[in-house]
Amino acid sequence: MATIAPAVLPPEIAAAIVNPVAYGEWNGIKQKFRWARDNMPVGLVQAEGYMPFWAITRHEDIMTVSKDNARFLNAPKSVVLGPVAVQMLTHMITGGSPHLVRSLVTMDAPEHMDYRKLTQSWFMPKNLAGLEGKIRGIARASVDAMLATGGQCDFVHQVSALYPLHVVMQILGVPHGDEPLMLKLTQEMFGGEDPDLNRARSVELTPEQVTQFVIEAVRDFEGYFMKLAADRRADPKDDVATVIANAVIDGEPISDRNAAGYYIIVAAAGHDTTSASTAGAMWALAKDPEQFARIKADRSLLPGLIEEAIRWTTPVQHFMRTAAEDCEIGGQRIAKDDWLMLCYVSGNHDERVFPDPDRFDASRGPNRHVAFGAGVHQCLGLHLARLEMRILFDELLDRIDSVELAGTPQRASSTFVGGPKTLPIRFVPS
Ligand code: HEM
């Protein structure tokens with residue numbers, strides 16, 4: 001085992017990695033990750049107000065950690081980065097758990113697979129094939145709404161924030177009329193750090209205030225889903241809500257907290273992420289008329305467009321793991337209980353795997369991005385995300401002849417779930 005001293009990242013790089021604004025600004029953080037990949041691929045982040053953690057920045061090391069689920073665990077510490085103050089508050093509120101929401105991503109074996117299996121078949125291609133017609137209907141209605149704007153709109157507000165929401169809510173079984181509430185709560189839960197998305201709509205929030213707002217959003221979610229669960233126990237339907245409400249593991253119904261966490265992860269993970277990569281695809285096409293024309297003319301290029309949009313946008317910007325034992329990653333010694341950040345943004349821009357990584361290239365192949373993670377926690381909704389994006393762009397490319405930016409898009413200020421929060425475009429209907 002190597003005996004090298006810990007590689008400590010320079011303070012300005014550490015400060016950027018924990019700073020939500022850096023992810024909103026985007027180019028700076030990508031340059032800093034590049035430095036880390038080249039000089040200190042497994043580097044210790046010592047940032048004020050945060051527990052020290054290792055930033056894993058190379059694609060290869062992210063894959064190794066993600067796939068070694070016995071050595072790198074999700075349950076012991078938070079799977080999402082947060083300041084110490086937030087962690088203490090979470091412990092207090094939950095009575096000792098590092099996780100505000102108890103869901104698939106915060107579980108380890110053997111419990112994790114028992115829970116994952118409950119809904120897994122719903123999200124497999126075979127089952128999704130039966131939903132294609134319904135999804136296409138939702139996609140058409142979204143494109144209708146975009147065309148109704150007459151040629152100029154904000155693509156995020158008009159299309160991409162709403163379409164994946166509608167799809168996942170249909171699968172979950174949430175009534176259409178409650179979707180605005182689901183959108184608001186998800187944005188408040190994931191966007192606590194962004195002044196445009198948090199509850200207070202304020203720049204001046206302390207970490208404690210951010211947590212308080214996130215907690216309120218989680219409570220509202222739990223309250224909503226507990227009512228939905230009661231309804232589905234009394235009156236079962238053909239939806240994921242019914243599966244969760246009536247789930248039994250080892251002969252026992254699952255607890256209310258676990259059921260609520262399950263609903264929340266499907267509801268929340270299922271749309272903001274897909275919304276961000278859908279907007280990413282549109283952003284790239286609006287900047288590149290040649291690529292737009294090529295894909296409009298040849299729809300066999302659509303899967304490549306979708307995969308590249310997911311890589312280029314990287315909606316989920318990190319997840320954390322905890323080392324279960326002393327080990328070594330990328331030549332660096334890691335001790336038991338150390339906290340590690342899987343820096344997906346960095347892995348998806350690693351020149352060792354993606355030549356000219358900043359360039360959006362729909363024909364990039366192979367495109368082995370890490371945006372969906374890897375190992376046993378690999379995104380449960382990846383087939384759904386790909387399918388809904390492919391259908392939307394298929395419909396959209398039928399209906400518009402060209403598209404361009406009508407202003408400067410903005411990315412959300414968030415260390416966790418990010419991507420475009422505004423995308424002003426002008427388009428010419430076909
Ligand atoms: C482009 C869109 C999406 C991206 C980039 C994305 C990304 C991710 C990532 C990075 C993880 C963690 C993987 C790991 O730890 O190795 C994850 C987990 C998960 N995702 Fe997604 N996701 C997307 C769409 C969806 C959709 C549409 C759903 C709908 C159900 C969904 C549901 C989940 C669930 C339930 C998990 C937890 C899986 C587990 O821990 O076993 N995601 N996703």
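All heavy atoms count here, side chains included; hydrogens, waters and symmetry mates do not. First listed ligand is number 1; within each ligand, the first listed atom is number 1.
Between S346 and R37, the side chains place a donor N or O and an acceptor N or O closer than 3.5 Å (distance only, hydrogens not considered). Defined by atom type and a distance below 3.5 Å, a donor-acceptor pair is missing between the side-chain atoms of R311 and N348. No donor-acceptor contact under 3.5 angstrom links the side chains of D272 and Q187, judged on distance only.
Salt-bridge annotation for E307 and R386: present, with a side-chain N of the basic residue lying under 4.0 Å from a carboxylate O of the acidic one.
The protein residues lying under 4.0 angstrom from ligand 1, judged by non-hydrogen atoms, are L104, V105, H112, R116, F123, I265, A269, G270, T273, T274, S277, P315, V316, F319, R321, Y344, A371, F372, G373, A374, V376, H377, Q378, C379, L380, G381, A385.
The local environment of CD in E60 is sparse, with at most 12 non-hydrogen atoms from other residues, nucleotides or ligands closer than 6.0 Å.
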Please table the atom pairs, donor to acceptor, closer than 3.5 Å between any side-chain atom in residues 124-134 and protein atoms at least two apart or in another chain.
residue	atom	partner	partner atom	Å
N127	ND2	W122	O	2.9
K134	NZ	Q170	OE1	3.3

